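Input: a single structure, listed below in structure tokens.
What you see is a predicted model, and the numbers here were worked out from it, not measured in a lab. In each ligand, atom 1 is the first atom listed, and ligand 1 is the first ligand listed. Numbers for residues simply follow the sequence, beginning at 1.
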Amino acid sequence: MSTFLLFEQCSAQNKIAIATDKAKDTISRNIYGHFAEHLGRCIYGGFYVGENNKTIPNKNGIRLDVVAALKKLKIPVLRWPGGCFADNYHWKDAVGPKKNRKQIENVSWGNKREDNSFGTNEFLQLCEMMNAEPYLAVNVGGGTVQEAAEWVQYVNHANGTSYLTDIRHQSGRTKPWNVKYWGVGNESWDCGGHMTVDYYINEYKKYATFMTSYSNTEGLFRIAVGPGTEDFNWTEALMRNIPLRMLDGVSIHHYSVIDWNKKGHSSLFNEAQYFKTIKQAYRMESMVAGNCAVMDKYDPGKKVALVVDEWGGWYESQVNVKGDILFQQNTMRDAMIAGLTLNIFNNHADRVRMANLAQCVNVLQSVILTKEEKMILTPTYHVMEMYNVHQDAVLLPITLTKEKYVFGGDSVDAVNASASKDKNGMMHISLVNVDASKPQTVKINLGGGVYNSVTGKVLKSAQLQDCNTFENPDVVKPKEFTGAKFSGNEIELNLPPFSVVVLEVK
Ligand code: AHR
């Protein structure tokens, strides 16, 4: 056998062609958004420790270490207060002097007492501290249209226009926050009220009408609840029955879960479980493509955004501390989910214009974990930081000829990628090799243009199960990548097994 044939058999070859001449869509920075719910230790302990806390540095109770780390990540938008909790939330319970706030039972998550010390003002202050846009989810399941309309007035209307803005003024905040993004309910087919789509559509139209003026002169971005599976009939009904002038976004949810009855441990897993998770993560492509196809039919001008406002890996909860609901570790498996999902979103930038990882701190696939005064950054944090070069850059469409990662008689694409060009003319290419054991060779054809320097970062580790812990916070962190070499207008590189690489080409 010739040496050439031997090489062909041992090393997996993938080819990427970048269509630099077909660049047209901008990758919205909001694809890199996050989600924070009153669930477990996401808000209390994660973002907020109370203004009387003397051991954890804070401003009005908001953790400064968490804010600094998230600012570095450049998080563009944060969704709140749920999730399922949103459809139980009455915003008026949580404004004004803290001693007067209504204490409620969090019936969505663990029946814990919720003292409402973190409410609208605190959330919007948090967003200002992080330079992130707020995205509020209104209560459709257990609330009223009036309550939602009044929430809009409380946060957005000019001072002095009603008793609501007087309350805001008395709370110490005179100028409006001008919140643009509003979700109308959450998972209305499930925890948000088990509604049929036709029932939801009527509810949506009522809310969307009364939350703003008839012609929406305020420019609210109203997001309707879309499906959480490949139920494209739900999306079709929304698109057919809601006038497009009343609809700015359709939200979908997709979690990479092996089996809802047997989710498996977050850091103790075998390759079979890993493979199943990755297969579930790749399902995002059909979820997005299927919804885009339906939306294109009714909205060829792409006015309405597809908003993936919950996504991520979901494993068994590791309840070490009381109240740690949906707390899980975050390993290289999660880095793979993050890298491949963000590539899918980038490649659908024409329609996917917001996404929110579930959830930001201490819940599900978090970028940050906290334990009292300690804070660690997860592998997912590092992927999101490596990828933030794509924010607001122009998508460069790619064609990918890819090898397979084969396991147990089944297979998925071994490599996935996306590319963009930023306002300084810098090209960034993000690549993921999900194969658990095989390196993958990739040849990238850069098309036209003259490029003469390529640098990069890589996130890799010895074991798929590797994660950062409070004792060892830097087990997984990005390193410089020097393995990319030019050959004419092509770049050739070797992606290590289960790794994420982001290249910068100029
Ligand atoms: O993110 C956790 C939960 O998952 C959310 O509250 C809900 O919307 C979804 O089912």
Go through it in stages, so that I can follow the logic: the residues are Lys98 and Glu122, the test is salt bridge (charged side-chain N to carboxylate O under 4.0 Å, His left out), and I'd like the CA-CA distance, side-chain angles, deciding distance and then a yes or no.
CA-CA 11 Å; Lys98 297 211 172 168; Glu122 290 76 21; 3.4 Å; yes

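- Proximity to Phe35 (heavy-atom distance under 4.0 Å) selects the following atoms of ligand 1: 1 (O).
- Close approach of ligand 1 to Tyr255 (heavy-atom distance below 4.0 Å) involves ligand atoms 1 (O), 2 (C), 4 (O).
- Of the possible polar contacts, none joining the Trp109 side chain to the Glu37 backbone as a donor-acceptor pair under 3.5 Å is found.
- Considering both main-chain and side-chain atoms, Leu364 never comes within under 3.5 Å of ligand 1 through any nitrogen or oxygen pair.
- Close approach of ligand 1 to Asn186 (heavy-atom distance below 4.0 Å) involves ligand atoms 8 (O).
- Between the Ser366 side chain and the Val363 main chain, a donor and an acceptor come within less than 3.5 Å of each other.
- Ser317 contributes a side-chain N or O that, together with a main-chain N or O of Leu326, makes up a donor-acceptor pair within less than 3.5 Å.
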May I have the step-by-step check of disulfide bond (SG atoms under 2.5 Å apart) for Cys191 and Cys84, ending in yes or no?
CA-CA 6 Å; Cys191 65; Cys84 297; 2.2 Å; yes

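- Surrounding CZ of Phe210 are at most 12 heavy atoms belonging to other residues, nucleotides or ligands under 6.0 Å away.
- At a heavy-atom cutoff of 4.0 Å, ligand 1 is contacted by the side chain of Trp314 but not by its backbone.
- The Gln359 neighbourhood of ligand 1 comprises atoms 1 (O), 2 (C), with distances under 4.0 Å to a heavy atom of that residue.
- Those atoms of ligand 1 that come under 4.0 Å of a heavy atom in Glu187, given as number and element, are 7 (C), 8 (O), 9 (C), 10 (O).
- One option in His253, His38, Glu37, Glu310 has a heavy atom closer to atom 7 (C) of ligand 1 than any other, and that option is Glu310.
- Ligand 1 lies nowhere less than 4.0 angstrom from a heavy atom belonging to Phe85.
- Here Glu133 pairs with nothing under the salt bridge (Lys or Arg N to Asp or Glu O under 4.0 Å) rule; sequence neighbours left out.
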